[in-house]
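Quick note on labels: first sequence line is chain A, next is B, and so on, each numbered from 1.
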Amino acid sequence: MDYNFQEIEKNWQQYWRDHHTYRASIDTTRQKYYVLDMFPYPSGAGLHVGHPLGYIASDIYSRYKRLNGFNVLHPMGYDAYGLPAEQYAIQTGQHPEVTTVKNIARYREQLDKIGFCFDWEREVRTCDPKYYKWTQWVFLKMFNSYYDTALDKARPISDLVDRFSAHGTEGCNAYGSEDLNFSAEQWNAMSKAERDDVLMNYRIAYRGNTMVNWCPKLGTVLANDEVSEGVSVRGGYPVEQKLMSQWCLRVSAYAPRLLRDLDTINWTESIKETQRNWIGRSEGAEMLFPLVGKEEKLLIFTTRADTIFGVTFMVLAPESDYVNLVVTPEQREAVDAYLDEVKHKTERERLIEKKVSGVFSGSYAVNPVSGKEIPIYISDYVLAGYGTGAIMAVPAHDSRDYAFARHFNLPIIPLIEGADVSEESFDAKEGVMTNSSNERLQLNGLQVKEAIAKTKEYIAEACIGRVKVNYRLRDAIFSRQRYWGEPFPIYYDENNRPQALDESELPLQLPEVDAFLPTEDGEPPLGRAKNWVAANGRPLELCTMPGFAGSSAYYLRYMDPHNDSALVGKEADEYWRQVDLYVGGTEHATGHLIYSRFWNKFLYDYGVVCEPEPFKKLINQGMIQGRSNFVYRIKDTNTFVSHGLKKQYDVTPIHVDVNIVKNDVLDLEKFKQWRPEFADAEFVLEDGKYICGWAIEKKSKSMYNVVNPDDIVERYGADTLRLYEMFLGPVEASKPWDTNGIDGVNRFLKRLWGLFFKGDEMQLVDEQPTAEALKSIHKLIKKVTGDIEQFSYNTSVAAFMICVNELSAMKCRSRAVYHDLVVLLAPFAPHIAEELWHSLGETTTVCDAQWPKWNDEYLKEDTVKYAVSFNGKPRYNIEVAAGTDKADIEQLALNHEGAARWLDGKTPRKIIVVPGKLVNIVV
RNA sequence: GCUCGGAUGGUGGAAUCGGUAGACACGAGGGACUUAAAAUCCCUUGGCCAUUACGGCUGUGUGGGUUCAAGUCCCACUCCGAGUACCA
């Protein structure tokens, strides 16, 4: 009986299904371990070889933990809402749900073939009303909450209402979009609509007028993390800035906690750093600049308070509220023209042009320290959304201000000794201050850092500003003008103010529409739904939630997926608590991984969950890149020349399907059949073979470098695929998918099989293992145990190969040894492990076995190697019996046949004999 | 520009604390078995020079440094990748 992987894999997959082998349930007598993969978006293309990389890695860890006695939760589900299904629906008229369900079925089929230990009874789908009921529920809770900066947590909005009616905003610690000030009397005198407007300033899920990334092509707004370099991440369409009323989540309120708690989680430094940059904490000062001839003052934010004496002008963002305040009638026309120009530039154009532009407002401000009058400009290099949307410009020490000053011929005053600002600004925060003293403030002679501190003190004392910490993190824009997403549990009252549905009305199900396009009046697709009204007859919200809504808390739902009365029950939450190991790609660093942390913290504030962070440890699997193959056609012919000979001809490289190439050798027959125009192709071969060229490129259909895991499973089996994906290199490294070498792994499994069976005959016997065999297997136990803990699976696979080769060479037939080997292999290649386990006469499944422990006694070396150096020069190595003492080793080193060659009869000044640790012997 | 990674044979990659660099695998070359092929097994395989030798030299992107000893630590640089971008 040969190693028949097809039969073995089919049978065991069936067995696991029939016996619910991977069902997880709460068991307080055992320690839990929660392993999670980022759930996939079920795209029409099906699973590709990049997907399973992370899934296999986490599957190995899950199985390993289980063999070590942990109660493992390892679920899987689908991030089922998304733009591609909807785009497809627009094109074909097919309901996105239909394609989604179809794609999910295909994903499931593919996943099943790889032999994962997922508990499918806990599957979630974000588009399932039973699931999105809880997405809507959390949204309602956010709508009904505000953030209390004193308690540093979310609180019910009703508390704030009570507070306002008793004290107004006096001593109020609510985090809001704007600083509002009113008394209790004023509050009580407000109409319902006015109060609603005020509360909207504080709600955690709020509707606000913000500049959004509007993608005309997709017909929707996008979050910051969905836009990269001025185009949409999905589709690559241009994105422009637009002021719109949108649902937002007040993520910015959680910025300090999101930053601080990064120190408590076990993620890679690089991804934590990415989040730190995204959150972007910056410590500075806000300062008030009086306006010439006006009561009002300009509030600016700066991190360089020390450069106050170098301020030669001010700049406002085009969208700043200050603009109308400062524009003089003479400048009105010029300013309007500029604002119009800015408005029509897309984000992308702004990024590409990088041209200095701006306009003088006509007004002047007064430097509050020097008393000098300085002009106020308007320019799009100042962003409305950061700080106060207004800056003090210090051209000598800021490159952007410098460029602006040069363009408009504004004065540049250097403030740091020795700084040469004739060509460029001096941006470094170092040096000694100069030109920075008057009767109010003396900074000359101070270091920059001291000067910043002293200026901050001064502005506080002089009441011209305050110390302020700013965050770059913006509130998340939460509306999408699309169909295929969660409906908002929101209706609009007679004042057109949004109101929450009652919890009992959830889930609010997605209605049917006749087309998935915007309506004729430009309303989102839900505008087409008939009877899209709340129970009270009022119209419901027409936008839907974005993709990250459903993915922000899915890890919680897995803990208790069928609970109809809570997102997650107390018992389940307190047992499973948080994800112990989360595996997924780095592309979610500033999206999903921030939103989930925010979402979790919000729920933590209300005690819905008991852990402040959702993902304790995070492993980022690398991207699988494509590896394309090329054939070289001689120009104007149908003749193809092999890679090694192509220099002799004038050739055009053409992508060739990697699936008809093996180890870079082209299958000529398949090539001829591949496309009609190649049917009568001719070839110039080298050594009788056609060798293809190759390149690392993105995976794409047009480059014919997409490899489907099904084909690999079909040809080599799931166990080979699993081992090979791990053997390819470290899980965390990006690497091209390259099937060269998969044979090696397959051969290993065949060799292993051959150790158990010769023909149909079982080869193993109940005999005492030799010391040699014990050493080999215990070396493996130690190596694999250590490797799995460090996710170093590629070296584990190598260790398996070595061990199998050793056992084979020593003709070891002892069952006891193979018993351990099979258990060790079970996480990596579960099907063959089950089969071999069974053949050893075991009646349980290998999943319920015990992970073996190694015994150091068996691992002792009888000899120890030493490196010897004389007089500081490394010379040679000697090997001595273990336990030899220092003096003897030294003598042996001297007596070594090599010693004479180096010593030339002389006595060495210094001998160093080194085993693992450094031993110095001076003679 | 800034931040974070990385650079080791023909290829993917090993090297836990600084201790025989190149594990393991692919590919390549040679051999065995076979009528032949496939499959399988064995040997060689960083480079250079030797090959009477179980031999010598060199070698981890570049240039310095620390150390008895550096792929590993320190300084400077080059190149590549990823993220981010007018954040004051």
- Specify the separation, in whole Å, of atom CD1 of A:I452 and atom C1' of B:rA88. 12 Å
- Message: If we count only N and O atoms by modelled type, under 3.5 Å, do the side chains of A:D787 and A:T795 hold a donor and an acceptor together?
- Response: yes
- Item | B:rC77 glycosidic torsion: syn (within 90° of 0) vs anti | anti
- Message: Using whole Å, what does the distance between atom C1' of nucleotide B:rA25 and atom OH of A:Y716 come to?
- Response: 14 Å
- Task: Give a yes/no on whether any side-chain N or O of A:N805 is located under 4.0 angstrom from OP1 or OP2 of B:rA25.
- Result: yes
Close N or O pairs between protein and nucleotides 26-33 of chain B (under 3.5 Å):
{"from": "B:rC26", "atom 1": "OP1", "to": "A:R747", "atom 2": "NH1", "distance (Å)": "2.5"}
{"from": "B:rC26", "atom 1": "O2'", "to": "A:G741", "atom 2": "N", "distance (Å)": "3.4"}
{"from": "B:rG27", "atom 1": "OP1", "to": "A:N663", "atom 2": "ND2", "distance (Å)": "3.1"}
{"from": "B:rA28", "atom 1": "OP1", "to": "A:K689", "atom 2": "NZ", "distance (Å)": "3.4"}

- Item | Distance, rounded to the nearest Å, where A:K272 contributes NZ and B:rC4 contributes P | 15 Å
- Message: If I pick the C1' atom on B:rU8 and the same atom on B:rA88, what distance separates them, to the nearest angstrom?
- Response: 44 Å
- Is any side-chain N of the basic residue among A:R276 and A:E273 closer than 4.0 Å to the acidic one's carboxylate O? yes
- Base-pairing mate for B:rA21 - Watson-Crick or G-U, with both contacts under 3.5 Å: none
- Task: Measure from CD1 on A:I594 to P on B:rG83 and round the result to the nearest Å.
- Result: 16 Å
- Query: What distance, rounded to whole Å, do you find between the two C1' atoms, one in B:rG30 and one in B:rC24?
  - Reply: 22 Å
- Message: Let's test this: given Watson-Crick or G-U wobble pairing with both distances under 3.5 Å, identify the partner of B:rG1.
- Response: B:rU84
- Query: Where the side chain of A:S282 is concerned, which of B:rA23, B:rC4, B:rA88 is the nearest nucleotide?
  - Reply: B:rA88
- Nearest-Å distance for atom pair NZ/C1', residues A:K758 and B:rC41: 11 Å
- For B:rC57, which nucleotide is its Watson-Crick or G-U wobble mate, given both distances must be under 3.5 Å? B:rG47
- Note on the structure: If pairing means Watson-Crick or G-U wobble with both distances under 3.5 Å, then the partner of B:rA15 is none
- Message: Say we look at B:rG71 and B:rG64: how far apart would their P atoms be, to the nearest angstrom?
- Response: 15 Å
- So do A:V394 and A:L415 actually touch side chain to side chain, heavy atoms under 4.5 Å? yes
- Message: When the P atoms of B:rA14 and B:rU84 are compared, how many Å lie between them, rounded to an integer?
- Response: 27 Å
- Query: Taking the C1' atom of each, how far is B:rU20 from B:rC74, in whole Å?
  - Reply: 25 Å
- Query: Which base, if any, makes a Watson-Crick or G-U wobble pair with B:rA36, both distances under 3.5 Å?
  - Reply: none
- Message: Need the glycosidic conformation of B:rG6: syn if within 90° of 0, anti if not. Which one?
- Response: anti
- Message: Can you tell me which nucleotide in B:rA88, B:rG83, B:rC24 comes closest to the side chain of A:M801?
- Response: B:rC24
- Please determine, by modelled atom types, if A:N470 and A:S282 share a side-chain donor-acceptor pair under 3.5 angstrom. no
- Query: Mind checking the P distance from B:rG63 to B:rG9? Whole angstroms is fine.
  - Reply: 15 Å
- Tell me, please, which residues at least two apart from A:D743 pass side chain to side chain donor-acceptor pair (under 3.5 Å). A:Y716
- Task: Please determine, for B:rG63, whether a Watson-Crick or G-U wobble partner exists with both distances under 3.5 Å, and give it or none.
- Result: B:rC75
- Query: Are A:N805 and A:R751 linked by a side-chain donor-acceptor pair shorter than 3.5 Å?
  - Reply: yes
Please list, pair by pair, any protein nitrogen or oxygen found under 3.5 Å from a nitrogen or oxygen in nucleotides 9-16 of chain B.
{"from": "B:rG12", "atom 1": "O2'", "to": "A:L728", "atom 2": "O", "distance (Å)": "2.7"}
{"from": "B:rG13", "atom 1": "O3'", "to": "A:N794", "atom 2": "ND2", "distance (Å)": "3.4"}
{"from": "B:rA14", "atom 1": "OP1", "to": "A:N794", "atom 2": "ND2", "distance (Å)": "3.2"}

- Message: Could you tell me how far apart A:Q275 (CD) and B:rU84 (P) are, to the nearest whole angstrom?
- Response: 12 Å
- Query: Choosing from B:rA23, B:rA85, B:rC86, which nucleotide comes nearest the side chain of A:I802?
  - Reply: B:rA23
- Message: Distance alone, cut at 3.5 Å: any donor-acceptor contact between the side chains of A:N746 and A:Y724?
- Response: no
- Query: When you check the side-chain N and O atoms of A:Y471 and A:S252, is any donor under 3.5 Å from an acceptor?
  - Reply: no
- Rounded to whole Å, the CD1-P distance (A:I376 to B:rA88) equals 22 Å
- Salt-bridged, A:E283 to A:K468, with N to O below 4.0 Å? no
- Item | Pairwise P distance for B:rU67 and B:rU52, with rounding to whole Å | 44 Å
- Item | 5'-most by nearest nucleotide on RNA chain B - A:K750 or A:I271 | A:I271
- Just checking A:R276: base, sugar-phosphate only, or nothing, at a heavy-atom cut-off of under 4.0 Å? nothing
- Item | For B:rC26, the Watson-Crick or wobble counterpart (both distances under 3.5 Å) | B:rG10
- Message: On the six-membered ring of A:W737, is A:R627 placed so that its NZ or CZ lies under 6.0 angstrom from the centre and within 45° of the ring axis?
- Response: no
- Inter-nucleotide P distance (B:rC17, B:rC86), Å rounded: 41 Å
- Output, in order, the C-alpha distance, side-chain angles, deciding distance and verdict of side chain to side chain contact (heavy atoms under 4.5 Å, CB included) for A:F630 and A:C692. CA-CA 5 Å; A:F630 295 93; A:C692 297; 5.8 Å; no
- Query: Under 4.0 Å between a side-chain N/O of A:R751 and OP1 or OP2 of B:rC41, yes or no?
  - Reply: yes
- Query: What's the spacing between A:I376 CD1 and A:Y322 OH if we round to 0.5 Å?
  - Reply: 10.5 Å
- Side chain of A:T590: nearest nucleotide among B:rU84, B:rU3, B:rA88? B:rU84
- Residue closer to the 5' end of RNA chain B, A:D401 versus A:T274 (nearest nucleotide): A:T274
- Take atom OH of A:Y386 and atom C1' of B:rU84, then tell me their distance rounded to the nearest Å. 15 Å
